[in-house]
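Data first, discussion second: the structure below is written as structure tokens.
Please read all numbers here as calculations on a predicted model, not as lab measurements.
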Amino acid sequence: MDIFYIILLAMGASFVQRTTGFGFGIFIMTMLPFLMPSYGEATTLSGLLALTTSTLIAIRYYKYVNWKRLLPILITFVVVSAVAICLLTKIEGITMRLILGGVLIATSLYFSFFKEKIRKYIRPTAPWQVGAGTLSGIMGGLFGMQGPPAVLYFISSEPDKDHYMAMTQMYFLIGNAMMTLVRAYNGFLTPTVGTTYLYALGGVLLGTLAGSWAFRHIPNRVFTYIVYAYIGISGAVILLTSS
């Protein structure tokens, strides 16, 4: 029965990722730790499934990827997240998650009301790329949630939702691949993870197909508000699960 729930979670998480460009881990990790033998195996399975989802989407939108704009933020993320992971054991997790939840809610409200003003200032320049990569690396290393800073940067700097989707999915693809290697090195890539991953692939495919349909029917002017709303919802989920 746990496998059935995991397939449903994978389907929902893939739908969210395909529709908004991020949120796979936020969605699936609300329940997955209770269904897997250990938290480390849950994060590993989540990363593998998210990697698969991002791969499917990145192949579809590869022609929109601009490596010159992507590499600075990606390299910064890889370096900073590695440092953040090393610092993780010295930080009180519950307190940091409460702070993170509040920050995400406040950020989503701020961007929703001041979207046009923000777009005038955020550009694909080195300071913005390094800044977004640093914040993403800190959040990825400490919370396993590297999405929001990168998403806010890409949705403000990319010209349309197709370019946004291409850049975010390539970013998450490479980032999750790196994190999977680290988790495998630390012994979290177990036979249980591998077997469950194979079962959950069906959910990933169905969720990705459904999300693809939804993405095609969302107007550009509405899409950004959907992304901001989901960032706020993510913050609320973090606050509820941390209390």
Side-chain angles (χ1 to χ4, degrees), residues 17 20-26 50 54 58 61 64-88 90-91 93 95-179 182 223-235 238:
Q17 180 86 8
T20 66
F22 79 111
F24 189 101
I26 298 170
S54 293
Y61 290 92
Y64 296 104
V65 174
N66 186 314
W67 290 100
K68 185 178 179 180
R69 295 203 299 265
L70 179 62
L71 285 176
I73 182 175
L74 181 61
I75 293 171
T76 303
F77 163 74
V78 170
V79 174
V80 175
S81 63
V83 175
I85 290 171
C86 294
L87 297 174
L88 182 59
K90 301 179 181 179
I91 299 175
T95 301
M96 292 298 293
R97 284 178 64 85
L98 290 172
I99 294 173
L100 175 63
V103 168
L104 288 180
I105 293 173
T107 300
S108 70
L109 292 173
Y110 182 81
F111 270 72
S112 295
F113 287 106
F114 298 100
K115 176 173 71 75
E116 296 305 323
K117 291 184 178 180
I118 292 170
R119 286 186 70 93
K120 295 179 181 178
Y121 294 102
I122 296 182
R123 293 289 183 267
T125 58
W128 281 108
Q129 291 165 334
V130 172
T134 299
L135 289 174
S136 183
I138 292 171
M139 290 178 63
L142 296 181
F143 310 108
M145 189 193 302
Q146 65 267 35
V151 162
L152 292 172
Y153 165 75
F154 285 127
I155 204 168
S156 298
S157 62
E158 294 303 313
D160 54 50
K161 67 178 186 179
D162 289 333
H163 285 85
Y164 158 83
M165 188 62 70
M167 297 290 274
T168 54
Q169 298 318 297
M170 189 58 69
Y171 178 82
F172 293 137
L173 190 163
I174 297 173
N176 277 314
M178 181 204 74
M179 296 300 293
V182 174
F223 182 74
T224 53
Y225 289 105
I226 292 176
V227 172
Y228 297 149
Y230 191 68
I231 290 176
I233 292 170
S234 302
I238 291 170

What distance separates Thr20 OG1 from Ile155 CD1, expressed to the nearest 0.5 Å? 9.0 Å
State whether the side chain of Tyr164 and the backbone N or O of Val151 hold a donor-acceptor pair below 3.5 Å, judged by distance alone. no
So, taking the atom named OG in Ser157 and the one named CG in Asn66, what distance separates them when rounded to the nearest 0.5 Å? 10.0 Å
Grab the two heavy atoms, one from Phe172 and one from Gln17, that are nearest each other, plus how far apart they are. CD1-NE2, 3.6 Å
Tyr61 side chain reached by Met170 side chain, heavy atoms, under 4.5 Å: no
With no hydrogens and no angle check, is any side-chain donor or acceptor of Thr168 less than 3.5 Å from a backbone partner on Met165? yes
How close do Ser54 and Gln169 get, counting heavy atoms only, and between which atoms? OG-OE1, 3.2 Å
For Leu173 and Ala58 the tightest heavy-atom approach is CD1-CB, 3.9 Å
ring-ring contact (aromatic ring centres under 6.0 Å, His included) partners for Tyr171, two or more places apart: Phe77, Phe154
Are any side-chain N or O atoms of Gln129 and backbone N or O atoms of Leu70, one a donor and one an acceptor, separated by less than 3.5 Å? no
Could you check whether any side-chain N or O of Ser156 sits under 3.5 Å from a backbone N or O of Leu152, counting only pairs where one atom can act as donor and the other as acceptor? yes
Minimum heavy-atom separation for Thr134 and Val80, please, with both atom names. O-CG1, 3.5 Å
Pairs involving residues 65-75, ordered by first then second residue, that meet salt bridge (charged side-chain N to carboxylate O under 4.0 Å, His left out) (sequence neighbours left out): Arg69-Glu158
